[in-house]
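This report concerns only the one structure given below.
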Protein chains: 2
Amino acid sequence: MNIGEAAERSGVPAKTIRYYESIGLIAPAERSAGGYRVYDAREVETLRFVQRARSLGFSIEQVGELLALWRDRSRASADVKAMASAQVAAIDRKIAELQGMRDTLEHLMTRCHGDARPDCPILEDLAGAEAAPAEER
Amino acid sequence: MNIGEAAERSGVPAKTIRYYESIGLIAPAERSAGGYRVYDAREVETLRFVQRARSLGFSIEQVGELLALWRDRSRASADVKAMASAQVAAIDRKIAELQGMRDTLEHLMTRCHGDARPDCPILEDLAGAEAAPAEER
DNA sequence: CTTGACCTTCCAGTTGCTGGAATCCCCATA
DNA sequence: TATGGGGATTCCAGCAACTGGAAGGTCAAG
């Protein structure tokens, strides 16, 4: 099958498949006489693996590691689990960060009238609040 | 004051200040005889505003809008509140997405021994599952 | 044979910086 | 006055992970 069909079946856009190939995440595809990339079911499965791992937030590099583990029949499942666990921790950190932003914004919003008047504690706080661990001078 | 001090006082790195100037987020700074950028307290305040808004997850473009509202003494506080509200919604969407990833990963992890054996449902699921969100099969 | 869908490569742009090179300015000390 | 060091300047490159678009080649149908 051509790249278009592989894209459709795997859920990875054709452009992205070429990109993955160009950076070495996946092996270069076979080519037809006319120079078209040709894929089979196994490669579609790999692409689906990649797409799923990406959708779980793994970086390209991590996906590369997961692919290597996947292909290594002698890998220890603990290695995979460790990666998953680290990824959960990373996601948790991101969630916590976003939660912090969210809470701050909500707090600012409660103090803003939100009407036609110009007074706006949100802007005042953005301007006045300390940015970072700034020293007094 | 020079850019270094402005950076320290605002919490925005000197390089980032130049970058913000180059993309037009902030106005070009005055220059000294020797060509150095010169800042005063008002500009540091602006930088602090930017840095705080960025830390709340607003994009550069949104920060530009917030700056415009900040400088517009006749703005309606409702406009600001609407931006904040939209930002909260955007953050909520991201949190939900991350939560989904997290839950899926956790689920996969519970089914993996995590020992020296190669059997690993995590990899199997990554390969076999449909690209879309994780139905039971 | 032509049309149009699909494929190819390559370059550029996205977001928000950050690192580094080469050069210049400023101030203080020997 | 030379010099040394710590700023500052510009510009170029690159990070992640694609995505869009141009210019052109291929293929199957009509």
Side-chain angles (χ1 to χ4, degrees), chain A residues 1-26 28-40 43-44 47 49-67 87 90-91 93-94 97-98 101 131-132, chain B residues 1-26 28-40 43-44 47 49-67 87 90-91 94 97-98 101 131:
Chain A
M1 81 191 82
N2 287 341
I3 199 171
E5 194 179 340
E8 204 176 334
R9 290 204 198 175
S10 66
V12 181
K15 268 216 118 141
T16 305
I17 297 177
R18 289 192 202 99
Y19 169 70
Y20 285 163
E21 187 186 302
S22 80
I23 61 171
L25 179 63
I26 58 176
E30 300 291 306
R31 298 297 182 115
S32 72
Y36 283 19
R37 285 175 183 80
V38 179
Y39 299 88
D40 61 17
E43 280 154 306
V44 170
L47 286 168
F49 181 102
V50 170
Q51 147 18 258
R52 182 128 171 90
R54 290 285 303 132
S55 81
L56 289 175
F58 287 101
S59 70
I60 293 276
E61 195 180 342
Q62 288 173 317
V63 173
E65 293 169 37
L66 287 170
L67 276 175
Q87 180 62 9
I91 291 174
R93 280 193 299 276
K94 279 184 204 152
E97 194 188 336
L98 289 172
M101 293 181 189
Chain B
M1 82 190 81
N2 287 341
I3 199 170
E5 195 179 340
E8 204 175 336
R9 289 203 197 176
S10 65
V12 181
K15 270 217 118 138
T16 305
I17 297 177
R18 290 192 201 99
Y19 168 71
Y20 286 163
E21 187 186 302
S22 80
I23 61 170
L25 179 64
I26 59 176
E30 301 290 307
R31 298 297 183 117
S32 70
Y36 283 19
R37 287 175 182 80
V38 179
Y39 298 88
D40 62 17
E43 281 155 305
V44 169
L47 286 168
F49 181 103
V50 170
Q51 124 54 237
R52 183 128 169 91
R54 289 285 302 131
S55 80
L56 289 174
F58 288 100
S59 70
I60 293 277
E61 194 180 344
Q62 288 173 317
V63 173
E65 292 168 37
L66 287 171
L67 277 175
Q87 179 62 9
I91 291 174
K94 278 182 206 154
E97 194 188 336
L98 289 172
M101 293 180 188

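Chain naming here is simple, since letters A, B, ... match the order of the sequence lines and numbering starts at 1 in each. Small disclaimer: the values here were computed from a predicted structure and weren't measured.
Comparing atom distances between the Ile3(B) side chain and each of dT9(D), dC7(C), dC18(D) picks out dT9(D) as nearest. The side chain of Tyr19(A) lies closest to dT19(D), out of dT19(D), dT18(C), dC7(C).
The side chain of Arg18(B) contributes an N or O atom lying less than 4.0 Å from OP1 or OP2 of dT9(D). Residue Thr16(A) has a polar side-chain atom (N or O) positioned under 4.0 Å from OP1 or OP2 of dT19(D). At dC18(D), one or more side-chain N or O atoms of Tyr20(A) fall inside 4.0 Å of OP1 or OP2 (strictly under the cut-off). OP1 or OP2 of dC17(C) lies within a sub-4.0 Å distance of a side-chain N or O belonging to Arg54(B). Between Arg31(B) and dT10(D) there is a side-chain polar atom (N or O) within less than 4.0 angstrom of OP1 or OP2. Taking 4.0 angstrom as the limit, Arg37(B) places none of its side-chain polar atoms (N or O) nearer than this to OP1 or OP2 of dG7(D).
By the 4.5 Å heavy-atom criterion applied to side chains, Val12(A) and Val50(A) are not counted as neighbours. Here the side chains of Tyr19(A) and Leu25(A) are not in contact, with every heavy-atom distance at 4.5 Å or above. At least one side-chain heavy atom of Val44(B) sits under 4.5 Å from a side-chain heavy atom of Met1(B). The side-chain heavy atoms of Leu98(B) and Met101(B), taken from C-beta on, include a pair separated by under 4.5 Å.
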Practice task
Go through Gln51(B) and Leu47(B) one step at a time and tell me if the side chain to side chain contact (heavy atoms under 4.5 Å, CB included) criterion holds.
Solution key: CA-CA 6 Å; Gln51(B) 124 54 237; Leu47(B) 286 168; over 6 Å; no
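Taking atom CD on Glu21(B) and atom P on dA8(D), their separation rounds to 14 Å, with Å as the unit. What separates CD of Glu8(A) from C1' of dA5(C) is a distance of 14 Å, to the nearest Å. When rounded to the nearest whole Å, the span between CD1 of Ile60(A) and P of dT19(D) equals 10 Å. When rounded to the nearest whole Å, the span between CZ of Phe58(A) and P of dA16(D) equals 18 Å. The CD1 atom of Ile23(B) sits 12 Å away from the P atom of dT18(C) (whole-angstrom rounding). Rounded to whole Å, the distance from CD1 on Ile26(A) to P on dC18(D) is 12 Å.
Scanning atom types as modelled, no donor and acceptor separated by under 3.5 angstrom connect the side chain of Tyr36(B) and the base of dC26(C). You won't find any donor-acceptor pair under 3.5 Å spanning the side chain of Lys15(B) and the base of dG16(C), going by distance alone.
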